[in-house]
Every structure is written in C-alpha cells, then in structure tokens.
Number of protein chains: 2
Amino acid sequence: MGLTKSEIFTEQQNQIANIAKVFGHPARVAILQYLFKINSCICGDLVDEIGLAQPTISQHLRALKNIGLIKGNIEGTSICYCINNDNWTTMKSIINEFLNQDINNNCC
Amino acid sequence: MGLTKSEIFTEQQNQIANIAKVFGHPARVAILQYLFKINSCICGDLVDEIGLAQPTISQHLRALKNIGLIKGNIEGTSICYCINNDNWTTMKSIINEFLNQDINNNCC
DNA sequence: TTATTATATTGCAATATTACGATAAAAGAA
DNA sequence: TTCTTTTATCGTAATATTGCAATATAATAA
C-alpha cells in the first residue's frame, strides 16, 4: 500500500524512525556534514558543493528544517542556514538510547 | 525521478544513509527493540508482537538481514532471528562518528 | 506418503520519495 | 521603477517503499 501504519507503533518508535528517515539520504548527510565543517552559517553554495539542482537542495533543506535539525535566518538576499545545536543534542540522546540498547544484552 | 544519485556522494555518506534508511521505519525499530528485549533468539511471534501481516514482517526482516544487523538460524520448522552483535557494534561507531561531529563546532 | 507449520517469494495496488524545469516570491542594486 | 540574485514552490516523471493476498518452499509430524 505504501502507507506506513504509524498508529500501531509507540510514539518513541515513530520518533526514531522519523529522525532516521531524514538521515536516510546521502544528500542530507552531506548537507549536515558541510554545515558542521564550515563551522559558521552557510548560504546558497550548498548547490555548488553538493551537486544537485537548486530545487532539490531546497527540498532537502526543508526536510532538515521540518525535523528541527537546522534553522535558516534571512541575511539580505540570501538565507543563512545552520545547525540547531539544541535540537541536535536532543536528537543525539534519542538515537543513542536506541543504539545503546545492546549494552545489557546476552543474545546468541 | 525517484533515483538517489549515490555516485555523487562519498562512500561514507552513502553508508550512513543506508543504515539510517533501515532505521527509518517504525516496524524495523520495533523488531530490533523486541529482539533486544527478549534477550534470546526469537522466531515467528514477531507477527503477533508487531501487528503486521507475515509477508510484511518477512520483508522488514530481510531489510535488517541485508544490512547485517540481524542473523537467522534455522531451528526446526522455524527460524531463530537474533541481533548480529559484531555488526551492531560496527554500525554504532559509524553512526556515532556522524552524530558527534557537533563536538568541536561553534556555529551560531 | 500426506498433513501441518513456519517462513519466503511473487505480484500488485497505494503511497512516498527523489529530482528537476519552470515559475513565483522577496530583497537589494541600478 | 526595472534588473538581478537568491530561495521557495509547483508540477510532473521516474523510481522506491509499504503492505498484503496468494502462493511457494522447506522442514517436521502423522
């Protein structure tokens, strides 16, 4: 059917999946890495840096903004995008809790 | 187009995205949590536990197996699925390196 | 042998995602 | 005002994902 049955899962499970889905495309991974590497706010050169068309980059930026991992400030004609550090930290703890569930496990 | 342009990204970026894509569905998150919770190998009751049809569960299990996070051992008529702990540890370090890139960042 | 049980695969419909050309919108420059 | 620059949105085509009924496969039980 193509429609994820979110209602049969817990809020936490859906939250983890929604975060992971955003990381599930290399362009969004690359955008985040570039934003961290530049170490200061970045504007429109993501199109040159990544190598996808401008509407495609804009679409990926929206996905990152929707989940709160980046924020954009209007800076003259252009928009300055940067990491939302508070939300990044929150996201990290959610994902780490999931990743670290192996710690007390003695399976095969 | 619908076709991710993997070739314009680094191997690491694609690897992170491929792992994240597997976590990007709540059913697969739930399956992994259940496998950890049961703390011993689990067989077919995932269908009852999760609440999706058997072919759908089988499809999600295949996705998890393809990326190496779980393994399945034939146990009589049924198949015993469990976490692949070595690969889980490797996966964790790949994801953590990505998540921790904020550590030395002084952006806005 | 013929059930029975457990899992995988096939095929398909519904929906989602990705990518981009065309265009719109918003702000500053001339 | 008009022009230019930058980003967003619309529309659409191609592909991917999700979910399940039907069926196949594989192993054991009777």
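Order of the sequence lines sets the chain letters (A, B, ...), proteins ahead of strands, with each chain counted from 1. Note that the structure is a prediction, hence the values are computed from the model and not measured.
The stretch residues 50-60 of chain B touches DNA chain D through B/Leu52, B/Ala53, B/Pro55, B/Thr56, B/Gln59, B/His60, each having a heavy atom under 4.0 angstrom from the strand. Within residues 6-18 of chain B, no residue places a heavy atom under 4.0 Å from DNA chain D. Residues of residues 19-28 of chain A having a heavy atom closer than 4.0 Å to DNA chain C, listed by number: A/Lys21, A/His25, A/Arg28.
Rounded to a whole Å, the CG atom of A/Asn66 is 15 Å from the P atom of C/dA16. Following rounding to the nearest Å, B/Asp48 (CG) and C/dA6 (C1') show an atom-to-atom distance of 12 Å. Spacing between atom CD1 of B/Ile70 and atom C1' of C/dA8 amounts to 13 Å, rounded to whole angstrom units. In this entry the distance linking CD1 of B/Ile74 with P of C/dT7 reads 11 Å, nearest Å. When the C1' atom of D/dT7 is taken as reference, atom CG of A/Leu61 falls 10 Å away, rounded to whole Å. Taking atom CD1 of residue A/Ile31 and atom P of nucleotide D/dT7, one finds them 12 Å apart after rounding to whole Å. Distance B/Leu46 CG to C/dT5 C1': 17 Å, rounded to the nearest Å.
Using a 4.5 Å heavy-atom cutoff, the side chains of B/Tyr34 and B/Tyr81 are not in contact. The shortest side-chain heavy-atom distance between B/Leu99 and A/Met91 falls under the 4.5 Å cut-off.
Taking the side chain of A/Thr4 as heavy atoms from C-beta on, and the options C/dT7, D/dT18, D/dT6, the nearest nucleotide is D/dT18. Taking every side-chain heavy atom of A/Thr77 into account, C/dG28 is the closest of C/dA6, C/dG28, D/dC20. Each of D/dG19, D/dT6, D/dA8 was ranked by its minimum atom distance to the side chain of A/Ile79; first place goes to D/dA8.
No side-chain N or O of B/Gln101 forms a donor-acceptor pair with one of A/Gln33 less than 3.5 Å apart. Using modelled atom types and a 3.5 Å distance limit, the side chains of A/Thr56 and A/Gln59 yield no donor-acceptor pair.
One finds a side-chain N or O of A/Tyr81 lying less than 4.0 angstrom from the OP1 or OP2 phosphate oxygen of D/dA8. Taking side-chain N and O atoms only, A/Arg62 has no distance below 4.0 Å to OP1 or OP2 of D/dT7.
To the nearest 0.5 Å, atom CZ of residue B/Phe98 and atom NZ of residue A/Lys92 are 11.0 Å apart. Taking CH2 of A/Trp88 as the reference point, atom CG of A/Leu35 lies at 9.5 Å (rounded to 0.5 Å). To the nearest 0.5 Å, atom CD1 of residue B/Ile70 and atom CG of residue B/Leu32 are 7.0 Å apart. Between B/Asn73 atom CG and B/Ser78 atom OG the span is 10.5 Å, to the nearest 0.5 Å. With values rounded to the nearest 0.5 angstrom, B/Ser58 atom OG is found 8.0 Å from B/Ile79 atom CD1.
The aromatic rings of B/His60 and B/His25 sit tilted relative to each other, their planes meeting at an angle between 30° and 60°.
A/Arg28 contributes a side-chain N or O that, together with a main-chain N or O of A/Val22, makes up a donor-acceptor pair within less than 3.5 Å.
Atom CD of A/Glu7 is surrounded by more than 12 heavy atoms from other residues, nucleotides or ligands within 6.0 Å.
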